[in-house]
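Below you'll find the structure, written out as structure tokens, and then a few comments.
Note that the structure is a prediction, hence the values are computed from the model and not measured.
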Amino acid sequence: MKNQTAIKEKKYIKATNATREALINAFFMLAHSKKIYQITIHEITDIAGYNHATFYRYFADIYGLIEYAEDEFLRDMRKTIDEKCGENQVGERQFFETMIQCFRKNKYRVSVLLSEENHSHFLRRINENISNNISLLDVNAPKKRAVRDIYFFGIFHAISINLQSRDALSDEDLLDIIQNLFDKWYRPEMGFNE
């Protein structure tokens, strides 16, 4: 009896995840031809093959769907960074190589999440997620918080723009710029050289 219950539960979870993913995929499909905040729930459910009630079972509204998609990216990014970088210092190339790989791996969705309408919000969430989870970045002084935010917000912006550009820098060139900025500006401003 317990085994049957566990099997049913697994099937339900699998179906639930598949339904949620179908709704999210429909949203992203639409978002590549339409502004994200002009997409309607009706359009999403038509493409995904579900009704409105199903949509509302998973998301309160379009904003909830976008936030869920952002959360998925942030969880994946955090997991990848933890696996590849471990306890490495934030200025090390591997950390930023990993960031670029995360953006590239999720380029289809990230390009939508970084659209003009959502750009500032999503970059702020990435910045907060990274800086709240890296002990080297745990700063209380207002100046250091500002330096941290400028550094990371700028880097994430540069990575996102570079990935979407036709005449993009190579990853190596971008990493050289990031490392140079870290060594010559961020490190001294944060007092890491003292």
Next item on the list: Just jot down the salt bridge (Lys or Arg N to Asp or Glu O under 4.0 Å) partners of Glu172, sequence neighbours excluded, or say none.
Entry: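 Glu172: salt bridge (Lys or Arg N to Asp or Glu O under 4.0 Å) contacts with Arg93.
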
Which atom of [X] lies closest to which atom of [Y], heavy atoms considered:
| X | Y | result |
| --- | --- | --- |
| Glu43 | Gln38 | OE1-O, 4.0 Å |
| Ala48 | Ala22 | CB-O, 3.7 Å |
| Ala31 | Ile36 | CB-CG2, 3.7 Å |

Suppose we screen for ring-ring contact (aromatic ring centres under 6.0 Å, His included). Which residues come up paired with [X], at least two apart in sequence or across chains?
| X | result |
| --- | --- |
| Tyr108 | His32 |
| Phe73 | Phe103, Phe122 |
| Phe55 | Phe59 |

Is the shortest heavy-atom distance from the side chain of [X] to the side chain of [Y] under 4.5 Å?
| X | Y | result |
| --- | --- | --- |
| Thr54 | Thr45 | no |
| Asp71 | Glu67 | yes |
| Val112 | Phe27 | yes |
| Phe28 | Ile44 | no |
| Thr16 | Tyr58 | yes |
| Leu114 | Phe156 | no |
| Leu74 | Arg78 | no |
| Ile24 | Glu72 | yes |

Check: So, Tyr37 and Asn118: side-chain donor and acceptor under 3.5 Å apart, yes or no?
Finding: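 Their side chains do contain a donor-acceptor pair, which is all the 3.5 Å distance test asks for.
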
Can you check whether [Y]'s main-chain N or O pairs, donor with acceptor, with [X]'s side chain at less than 3.5 Å?
| X | Y | result |
| --- | --- | --- |
| Lys35 | Glu117 | no |
| Lys34 | Ile39 | no |
| Thr98 | Gln94 | yes |
| Asn25 | Glu21 | yes |
| Asn162 | Leu169 | yes |

I need the [X] [atom1] to [Y] [atom2] distance, nearest 0.5 Å.
| X | Y | atom1 | atom2 | value |
| --- | --- | --- | --- | --- |
| Leu163 | Ile100 | CG | CD1 | 7.5 Å |
| Asp46 | Asn51 | CG | CG | 10.5 Å |
| Ser160 | Ile155 | OG | CD1 | 12.0 Å |
| Ile178 | Ile159 | CD1 | CD1 | 4.5 Å |
| Ile66 | Arg109 | CD1 | CZ | 12.5 Å |
| Arg57 | Thr19 | CZ | OG1 | 8.0 Å |

Note to self: Checking Met77 against Asn106 for the side chain to side chain contact (heavy atoms under 4.5 Å, CB included) test, could you report, in this order, the C-alpha distance in whole Å, the side-chain angles of both residues, the deciding distance, and whether it holds?
What the structure shows: CA-CA 10 Å; Met77 182 180 67; Asn106 297 288; over 6 Å; no

Next item on the list: Check the hydrophobic clustering (I, L, V, M, F, W, Y; side-chain heavy atoms under 4.5 Å; chains of links allowed) and say if Ile161 and Leu174 are grouped together.
Entry: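 The answer is no; the residues belong to distinct hydrophobic clusters.
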
Notebook entry, point to check: If you look only at pairs with a residue in residues 95-104, which of them pass as a salt bridge (charged side-chain N to carboxylate O under 4.0 Å, His left out), with sequence neighbours excluded?
Noted result: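 Those involving residues 95-104 are Arg104-Asp171.
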
Notebook entry, point to check: Relative to each other, are the rings of His157 and Phe153 parallel, tilted or perpendicular (30° and 60° limits)?
Noted result: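 Taking Phe153 first and then His157, their aromatic rings lie parallel (interplane angle under 30°).
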
Note to self: If you apply the rule side chain to side chain contact (heavy atoms under 4.5 Å, CB included), what do you find for Tyr68 with Tyr63, and how did you get there?
What the structure shows: CA-CA 9 Å; Tyr68 185 88; Tyr63 299 101; over 6 Å; no

Checklist line | side chain to side chain contact (heavy atoms under 4.5 Å, CB included) between Asp76 and Thr80, worked out | finding: CA-CA 6 Å; Asp76 182 57; Thr80 305; 3.9 Å; yes

Margin query: Check this for me, if you would: do Glu189 and Lys144 make a salt bridge, where the nitrogen-to-carboxylate-oxygen distance has to be below 4.0 angstrom?
Written below: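 Judged by the 4.0 Å cut-off on N to carboxylate O distance, Glu189 and Lys144 do not form a salt bridge.
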
Note to self: Restricting to side chain to side chain contact (heavy atoms under 4.5 Å, CB included), what partner residues turn up for Lys79, sequence neighbours left out?
What the structure shows: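 Scan of Lys79 (side chain to side chain contact (heavy atoms under 4.5 Å, CB included), adjacent residues dropped) gives Glu83.
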
